[in-house]
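All figures in this text were calculated on a predicted structure; none of them were measured in a lab. First the proteins, then the strands, lettered A, B, ... as listed; each starts at 1.
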2 protein chains.
Amino acid sequence: MNIQSEPSTKDRILDTAERLFSLSGYHSTSLRAITGEAGVNLAAVNYHFGSKESLLEAVIDRRLTPLNKARLEMLATVDRKARAEGRPPAVRDIMSAFIEPTLSFRESTDGARHFIALLGRAIVEPDDTVKKRFLNQMNPIIELMLEMLARAMPSLPAQALIKRFHFTIGSLFFTMHACCDDSMPERMRLKEPLTEELVNFVTAGMEGR
Amino acid sequence: MNIQSEPSTKDRILDTAERLFSLSGYHSTSLRAITGEAGVNLAAVNYHFGSKESLLEAVIDRRLTPLNKARLEMLATVDRKARAEGRPPAVRDIMSAFIEPTLSFRESTDGARHFIALLGRAIVEPDDTVKKRFLNQMNPIIELMLEMLARAMPSLPAQALIKRFHFTIGSLFFTMHACCDDSMPERMRLKEPLTEELVNFVTAGMEGR
DNA sequence: GTCTATACAGAGATAGAC
DNA sequence: GTCTATCTCTGTATAGAC
């Protein structure tokens, strides 16, 4: 545990891997590129993490654990307030509790920005091990949001709710990935701030017509 | 050009690559797996396509060209009809012209289903060559839709329109990818039909509140 | 405990015989 | 068109230096 000295070998690997995974993708980033740029030996990855896949898991867990904690706390606050006022939670507040922590976390540091772009891709990764790791962390939030949304819109059939929530996830994760993506055509480049527009969009879609 | 005999070496490679790229992802699928399953020699890929990347482009182009033609025709019909009636095109009709051909094409054959799942991932691929190939084909449609949407909602600022269209693309592409994805948790599994719910969702989001 | 050097199997790409 | 041989680069594993 270094307090004010150089980052440890392990942290240098994590930081570099996060950046390169985000920029070039998991499979296209070689361990030699990571260790070369981090200035550590190739075998240090195997020593500290065991494999390239375990390294990716470590990259994900390091940021996703506190981020999901923030999301759950915000959802709990929305729920508590609604119960105290004897009303169902508002769709907009549920959406905000998911979106606002994500996008404001993204603005916090350069590393976080890379990580959020990486996460936006993780949900469509074909690699089962990686995706399951990611989905396991997301499951408690998904369950809580679905339960709260069902209370917010009691007359909406369960299947319709699932579909609309699914579309919502698509909007958010694509935004997480693509908002800092330079390869999109100029006209499609997004400008900040995004939170309010995204909350508006998915709230309108959720509540239907 | 074989009419009623066995598929050619080239077509066998295309069909097998389409299925394996969709199931396991581009980078995780080896040329040995493709050529082995297709029953052709490894070097046949290099001979017919030049490289693994060019093979992916061929897989994309074969299906995306006719699909985009159908989308453009449907958009043109919506536009023509609106002009004939002297009114701006309806947001819902524009959304349908993009979504309906995509999802009904997906239902047409097993190969198409695999292809649509692959496309749903292509838009977040980190590989620049692949993504640019894909975006080049999509650009005329994106431009036409943005132009029609601007006429449909003349009071909406351009930046807000871009953002909402972006969120729409996220919903559709995630649906294309994930609707046949078995690794999602049981509660999030989607059931057909999707077209109407998706059109409702993105129309409501587009039109705002 | 940390880290380095190095060996190994599998990948995509390519040249050239047939 | 097809196939073999071979090149480089990848992820992984291990033996041993400090």
Donor-acceptor pairs are to be reported for all side-chain atoms of residues 57-67 of chain A against protein atoms at under 3.5 Å, with residues two or more places apart or in another chain.
residue	atom	partner	partner atom	Å
E57(A)	OE1	R133(A)	NH1	3.4
D61(A)	OD1	Q137(A)	NE2	2.8
D61(A)	OD2	R133(A)	NE	3.2
D61(A)	OD2	R133(A)	NH2	2.4
R62(A)	NH1	D15(A)	OD1	2.9
R62(A)	NH2	D15(A)	OD1	3.1
R63(A)	NE	E18(A)	OE2	2.7
R63(A)	NH2	E18(A)	OE1	2.7
T65(A)	OG1	D61(A)	O	2.9

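- R32(B) contributes no side-chain N or O that forms a donor-acceptor pair with the base of dG10(C) under 3.5 Å.
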Pairs under 3.5 angstrom, nitrogen or oxygen only, protein versus nucleotides 2-5 of chain C, please.
residue	atom	partner	partner atom	Å
dT2(C)	OP2	Y47(A)	OH	2.8
dC3(C)	OP1	T9(A)	OG1	2.7
dC3(C)	OP2	H48(A)	NE2	2.6
dT4(C)	OP2	N41(A)	N	3.0

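- Listed by residue number, S51(B), K52(B) are the residues of residues 51-63 of chain B with a heavy-atom contact under 4.0 Å to DNA chain C.
- L135(A) contributes atom CG, which lies 9.5 Å from atom NZ of K132(A) (distance to the nearest 0.5 angstrom).
- Remark: K69(A) engages E73(A) in a side-chain hydrogen bond (donor to acceptor under 3.5 Å, both in side chains) (not counting sequence neighbours).
- Residues D11(A) and P7(A) approach most closely at CB-CB, 4.3 Å, considering heavy atoms.
- Sorted by first and then second residue, the side-chain hydrogen bond (donor to acceptor under 3.5 Å, both in side chains) pairs with a member in residues 27-44 of chain B read H27(A)-S28(B), S28(A)-H27(B), R19(B)-E37(B); sequence neighbours excluded.
- Judged by a 6.0 Å distance limit and a 45° cone about the ring axis, K10(A) is not positioned over the six-membered ring of Y47(A).
- Near DNA chain D, meaning a heavy atom under 4.0 Å away, the residues from residues 19-30 of chain A are T29(A), S30(A).
- Contact check, N46(A) against dT12(D): no side-chain N or O comes under 4.0 Å of OP1 or OP2.
- Note on ring orientation: taking the six-membered ring where Trp is involved, the planes of F173(A) and F98(A) are tilted (angle from 30° to 60°).
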